[in-house]
Amino acid sequence: MHSFWIIFKQAFMTKAKTKSFIITTVIVAAAFFLMANLPNIIEAFQGSEEEENVLHVLDESGNLAEALQQQLQAAGSDMQAMPTDLSEDELKAGISEGTIEAYLVLKQNEQLSARYVSESANEMNSGADIEQAVQSLQTALTAETMGLDANEVSQLFLPAAFEREAVSESSKSQEELSQARGLVYILIMLIYIAVIYYPNMIAMEVANEKSSRVMEILISSVSPVKHMFAKIAGIGTLGILQMLVFGLSGYVAIKTAGTDLSEGAFSVFGFSDVKISTFLFAVLFFLLGYFLYAVLAALLGSLVSRTEDVQQLMLPMMFLIIIASFIAFSGIGVPEAGFVTVSSFIPFFAPLVMFLRVGMLDIPLWEPLLSIAIMLATIGILGWFGARVYRGGVLMYGSSQSLKDIRKAIRLGENK
């Protein structure tokens, strides 16, 4: 057992000290702080809020600017519509010089017409709230022409009561789905990246040790099977630590930025009402997915003698992960679809697809438990088979770019 912990520590520390791992961790953590503080950064570069919220209005009739301001206030906008005596040429010059944000030209003939002018049509706030206020003003003017009072206008545009009801017992309400969808999407992305990145790290590490002839020294004192599982455990622990750093940095970034998780984009992701079970299943499927693909990656890594050959032999595993991600991401819109249900019990797809169903649907507990049991059994079988291949594969040198070498590795391991 002492040799196991030595290899475990070596696998953990070797990768933890690499520049690529440190730089990746720092960049991702910094990205969380950048995204959390992005509104404050944009506001700092945009300048004074008072200047931004002033809309200069060219009003030929002389009474439309005040009515437009009333519509903006009714819509909850902080934009201030102010009539101006400047000519349009002077207003355009002000926009070019940066002293004026935008202006609006209002004309009323048989129908109200408006022209919104700003520096760029690609601005984030390109007059959408102003357009809505102009539409409301047109409605108010038309109602006034027809002799309708405010109560009659409000009744005319009163929305119909429309509710959604699902017959399926596993389906959640539309509000619950909207809250769960963003969070599940993010967690699926994390699991997807993890089951690609960390098993690939194991395969590259095994191939690198073989190419440098270090493997010959290691297997003379430690059994290949113990070496394989120590590698998997060491890099797996490193992956968990990195994910914890990402999660902690994201949480600290949101808290330090003073962001309310119940408002804005975070309300769409459902961060303000997260079930603990969702995170527990995310951690569980992350671990199961990692060990499943890690054993497969160690098996494939043991067949090659050069790191250049690793990617070619890893292609079948990569295809499995890509197919699983396609099913999961397409199933976000239709989590009750038959292909999603069936694939959630296929062990190589289950880490992503079953987690999708757990997060998006109210399914019976036995379904995720059955999927977990199938995955555990698959990991056990693959671990037993992988150990046989690994035992002989680490002794194979020379060019190896085919899965046919698995049989050769098994025979070599049996004769060892």
Under the ring-ring contact (aromatic ring centres under 6.0 Å, His included) rule, collect the residues that match up with F286, sequence neighbours excluded. none
Qualifying side chain to side chain donor-acceptor pair (under 3.5 Å) pairs, either residue in residues 234-243, two or more places apart: T25-Q242, Y198-Q242
Test side-chain hydrogen bond (donor to acceptor under 3.5 Å, both in side chains) applied to Y103 - qualifying residues, sequence neighbours left out: E88
From CE (M318) to CD1 (I323), nearest 0.5 Å: 12.0 Å
Whether the side chain of S330 engages the backbone of I327 through a donor-acceptor N/O pair (distance < 3.5 Å, no angle test) should be reported. yes
Working for side-chain contact (heavy atoms from CB on, under 4.5 Å), residues I23 and I27: CA-CA 6 Å; I23 292 173; I27 289 176; 3.5 Å; yes
Partner set under ring-ring contact (aromatic ring centres under 6.0 Å, His included) for F12, not counting sequence neighbours: none
Mutual orientation of the aromatic rings belonging to F8 and W5 [parallel < 30°, tilted 30-60°, perpendicular > 60°]: perpendicular
Rounded to the nearest 0.5 Å, how far does CG of L241 lie from CE of M243? 11.0 Å
Which atom of I332 lies closest to which atom of P335, heavy atoms considered: O-CD, 3.7 Å
With distance as the sole test, does T14 use its side chain to make a donor-acceptor pair with the main-chain N or O of A11 at under 3.5 Å? no
Do other residues, nucleotides or ligands put more than 12 heavy atoms under 6.0 Å from Y197 OH? yes
All pairs passing salt bridge (charged side-chain N to carboxylate O under 4.0 Å, His left out) where residues 341-359 contributes a residue, at least two apart: R357-E367
Give the intermediate values and the outcome of side-chain contact (heavy atoms from CB on, under 4.5 Å) for residues L104 and V117. CA-CA 6 Å; L104 184 72; V117 183; over 6 Å; no
Once side chain to side chain contact (heavy atoms under 4.5 Å, CB included) is applied, do any residues pair with L244, and if so which ones, sequence neighbours excluded? I240
Contact summary for F4 and A233, nearest pair of heavy atoms: CZ-CB, 4.2 Å
Quick check against the 3.5 Å criterion: does Y293 have a side-chain atom that pairs as donor or acceptor with the backbone of F348? yes
Would you say the side chain of I363 lies within less than 4.5 Å of the side chain of M354, judging by non-hydrogen atoms? yes
Exactly one candidate in V340, T341, V342 meets side-chain contact (heavy atoms from CB on, under 4.5 Å) with V353; the answer is V340
Supply the atom-to-atom distance I346 CD1 to L320 CG, rounded to the nearest 0.5 angstrom. 10.0 Å
Please give me the minimum heavy-atom distance between G289 and P351, naming the atom from each residue. CA-CG, 3.6 Å
Look up atom CD1 in I235 and atom CG in N200, then write down how far apart they are to the nearest 0.5 Å. 10.0 Å
Please list every donor-acceptor pair under 3.5 Å in which a side-chain atom of residues 371-382 meets a protein atom from a residue at least two apart or in another chain.
from: S371; atom 1: OG; to: S344; atom 2: O; distance (Å): 2.9
from: T378; atom 1: OG1; to: I374; atom 2: O; distance (Å): 2.7

Closest heavy-atom pair and its distance - S343, F349: O-CB, 3.4 Å
Should the heavy atoms of other residues, nucleotides or ligands under 6.0 Å from CZ of F339 be counted, would the total exceed 12? yes
Taking every non-hydrogen atom, the tightest pair across L238 and K15: CD2-CB, 3.4 Å
Contacts of Y290 meeting ring-ring contact (aromatic ring centres under 6.0 Å, His included) (sequence neighbours excluded), chain-then-number -> none
My understanding is that only residues two or more places apart in sequence, or in another chain, count here; which of them pass side chain to side chain contact (heavy atoms under 4.5 Å, CB included) with I193? M189
For the residue pair P199 and L296, establish whether any side-chain heavy-atom pair is separated by less than 4.5 Å. no
Salt bridge (charged side-chain N to carboxylate O under 4.0 Å, His left out): pairs with one or both residues in residues 234-245, sequence neighbours excluded: none
F33 meets the ring-ring contact (aromatic ring centres under 6.0 Å, His included) criterion, sequence neighbours left out, with none
Can you give me the closest heavy-atom contact between P368 and F281, atom names plus distance? CB-CE2, 4.0 Å
Side chain to side chain contact (heavy atoms under 4.5 Å, CB included) with V283: which residues, sequence neighbours excluded? L287
